[in-house]
Amino acid sequence: VQLQASGGGLVQAGGSLRLSCAAAGRTFSSLTVGWFRQAPGKEREFVTTISGSSGSTYYADSVKGRFTISRDDAKNTVYLQMNRLEPEDTALYYCAARWGPGFSDYHRYDYWGQGTKVTVSS
């Protein structure tokens, strides 16, 4: 499975961005896809995940109510809509995938895309 993340950029605090994670390879609809982020000098942290079987979603408390994950299996793409962005959201955002249920532990994911940079100015 190959993943490609895109959509990052520079935005002012309070603004919005939509990230995309396009997949190529095996059956996309069965994949669980997660978003993670890593700020300079910090550990990689969980953002959100959407399962392939039920479409159930799970969010980190820090983004709940502001970010929304969705998927379009016809396009082999998962989206991350980010609203009311804060400077603390500045990071390199990665999408990752695995077979089976979603986890917040990034070690459980087998496939990774390259990061897309999000910078939120105050």
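Just so it is clear, the values below take in all heavy atoms, side chains as well, and ignore hydrogens, waters and symmetry mates. Index from 1, following the sequence. On a predicted model such as this, the values are computed, not experimentally measured, just so you know.
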field: Ser56 and Ser51: CA distance, side-chain angles, deciding distance, side chain to side chain donor-acceptor pair (under 3.5 Å) verdict
entry: CA-CA 5 Å; Ser56 59; Ser51 73; 3.2 Å; yes
message: On the six-membered ring of Phe28, is Arg71 placed so that its NZ or CZ lies under 6.0 angstrom from the centre and within 45° of the ring axis?
response: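 Positive - Arg71 is close enough to the ring of Phe28 and near enough to its axis.
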- request: With Arg44 as the cation and Trp112 as the aromatic partner, state whether NZ or CZ is under 6.0 Å from the six-membered ring centre and within 45° of the axis.
  value: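 Cation-pi check for Arg44 and Trp112: passes.
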- prompt: If you measure from CG on Leu19 to OG1 on Thr116, what distance do you get to the nearest 0.5 Å?
  reply: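 Here the interatomic distance stands at 6.0 Å.
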message: Nearest 0.5 angstrom please: Gln38 CD to Leu92 CG, how far?
response: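 So the gap between those two atoms works out to 7.5 Å.
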- prompt: Quick one: side chain to side chain contact (heavy atoms under 4.5 Å, CB included) partners of Asp72, sequence neighbours excluded?
  reply: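 By the side chain to side chain contact (heavy atoms under 4.5 Å, CB included) rule, Asp72 matches Ala74, Lys75, Tyr79.
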message: Is there a path of hydrophobic side-chain contacts, each under 4.5 Å between heavy atoms of I/L/V/M/F/W/Y residues, joining Phe67 to Tyr94?
response: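 Looking at the clustering, Phe67 is in a separate group from Tyr94.
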query: Are Phe103 and Tyr111 linked, directly or through other ILVMFWY residues, by side chains that come within less than 4.5 angstrom of each other?
result: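 No, Phe103 does not connect to Tyr111 through the hydrophobic network.
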message: Consider side-chain contact (heavy atoms from CB on, under 4.5 Å). Of Arg84, Met82, Arg37, which one does Asp89 pass it with?
response: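 One option only clears the test, and that one is Arg37.
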field: Qualifying residue for side-chain contact (heavy atoms from CB on, under 4.5 Å) with Val78, from Asp73, Ile50, Thr32
entry: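 Exactly one pass, corresponding to Ile50.
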- request: Mind listing the closest non-hydrogen atom pair of Val11 and Leu85 along with its distance?
  value: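 Taking every non-hydrogen atom into account, CG1-CD1, 3.6 Å.
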- prompt: Under 6.0 Å between ring centres, would you say that holds for Phe36 and Phe46?
  reply: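 Between Phe36 and Phe46, the centre distance is under 6.0 Å.
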field: Asp61/Lys64 salt bridge by N-O under 4.0 Å criterion
entry: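 Looking at Asp61 together with Lys64, the answer is yes, because their closest N to O distance falls below 4.0 Å.
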field: Step-by-step side chain to side chain donor-acceptor pair (under 3.5 Å) determination, Thr49 to Tyr109
entry: CA-CA 11 Å; Thr49 187; Tyr109 289 76; 3.2 Å; yes
